[in-house]
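Worksheet: the structure to be examined is printed underneath.
Since the structure is predicted, the reported quantities are computational estimates derived from the model, not experimental observations.
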Amino acid sequence: MVFTSHMSLALAEARAAAARGEVPVGAVLLDATGAVLASAGNRTRELHDPTAHAELLVIRDACAALGTERLTGCALYVTLEPCAMCAAAIAAARIARLYYGAADPKSGGVAHGARVFAHPQAHHVPEIYDGIDAARAGALLTSFFRDRREA
């Protein structure tokens with residue numbers, strides 16, 4: 001099987017989020033065949049919802065589309081290391097593979113901070129692949145926050 005990254009789709013969602021004034025994080029969720037089930041960027045400000053992270057939006061949309069609360073066999077691409085809230089949702093949804101771009105030493109919940117999947121309470125641990133297009137994902141975040149500070 002040949003690996004095909006879908007991080008470019010997640011990065012496009014992150015750029016769209018930035019254009020809306022949201023923190024530029026994007027996510028894409030694929031089914032077991034590689035077909036896109038859902039894609040989204042952060043919408044916390046737009047929806048006035050602190051849980052409207054890109055990861056949660058795609059999980060909700062994919063579950064609704066499939067009519068199930070489990071996303072067994074699915075793969076999630078996200079531009080930034082998921083926070084603890086999103087990591088817990090990834091475990092609850094039983095997502096098979098997590099691919100993420102930039103590490104998040106401040107608020108991450110996978111390799112940093114809470115390390116949700118390392119706890120015995122984690123109901124499911126996905127395969128984790130980090131650093132996918134990390135330079136582009138990180139540059140997008142750095143640029144966004146630099147522009148906010150200068151404004």
Min side-chain heavy-atom separation Arg97-Leu30 under 4.5 Å |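 Side chain of Arg97 against side chain of Leu30, heavy atoms only: no contact under 4.5 Å found.
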
Under a 4.5 Å cut-off applied to non-hydrogen side-chain atoms, are Tyr99 and Ser5 in contact?
->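 The answer is no; the side chains never approach within 4.5 Å.
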
[X] side chain vs [Y] backbone, donor-acceptor pair below 3.5 Å:
X: His124; Y: Ala93; result: no
X: His53; Y: Val25; result: no
X: Asn42; Y: Ala17; result: no
X: Thr79; Y: Leu11; result: no

Residues in side-chain hydrogen bond (donor to acceptor under 3.5 Å, both in side chains) with Asp49, at least two apart?
->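 Scan of Asp49 (side-chain hydrogen bond (donor to acceptor under 3.5 Å, both in side chains), adjacent residues dropped) gives Thr51.
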
Inter-residue atom distance [X].[atom1] - [Y].[atom2], 0.5 Å rounding:
X: Leu98; Y: Tyr129; atom1: CG; atom2: OH; answer: 10.5 Å
X: His123; Y: Phe117; atom1: NE2; atom2: CZ; answer: 12.0 Å
X: Arg60; Y: Glu69; atom1: CZ; atom2: CD; answer: 15.5 Å
X: Ile90; Y: Ile59; atom1: CD1; atom2: CD1; answer: 5.5 Å
X: Leu66; Y: Thr72; atom1: CG; atom2: OG1; answer: 10.0 Å
X: Arg70; Y: Arg94; atom1: CZ; atom2: CZ; answer: 4.0 Å

Quick check: closest heavy atoms across [X] and [Y], and the distance to 0.1 Å?
X: Ala40; Y: Leu57; value: CB-CB, 3.8 Å
X: Leu80; Y: Ala103; value: CD1-O, 3.8 Å
X: Ala38; Y: Asp61; value: CB-CB, 3.7 Å
X: Ala14; Y: Gly26; value: CB-N, 3.5 Å
X: Gly101; Y: Ala134; value: O-CB, 3.5 Å
X: Val110; Y: Ala87; value: CG2-CB, 4.3 Å

When you group the ILVMFWY residues by side-chain heavy-atom contacts below 4.5 Å and let the links chain together, are [Y] and [X] in the same group?
X: Leu76; Y: Val125; answer: yes
X: Leu56; Y: Ile95; answer: no
X: Leu71; Y: Met85; answer: no
X: Ile132; Y: Ile128; answer: no
X: Leu37; Y: Val58; answer: yes

Taking only residues at least two apart or on different chains, which pairs with a member in residues 104-116 satisfy side-chain hydrogen bond (donor to acceptor under 3.5 Å, both in side chains)?
->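 Only Glu81-His112 qualify under side-chain hydrogen bond (donor to acceptor under 3.5 Å, both in side chains).
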
Evaluate the criterion side-chain contact (heavy atoms from CB on, under 4.5 Å) for residue pair Leu9 and Ser39; output intermediate values, then yes/no.
-> CA-CA 8 Å; Leu9 297 172; Ser39 63; 5.9 Å; no

Stepwise side-chain contact (heavy atoms from CB on, under 4.5 Å) test for Thr44 and Val23 = CA-CA 9 Å; Thr44 59; Val23 173; over 6 Å; no

Can you pull the salt bridge (Lys or Arg N to Asp or Glu O under 4.0 Å) pairs that have at least one residue in residues 12-40, sequence neighbours excluded?
->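 Qualifying pairs: Arg20-Glu46.
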
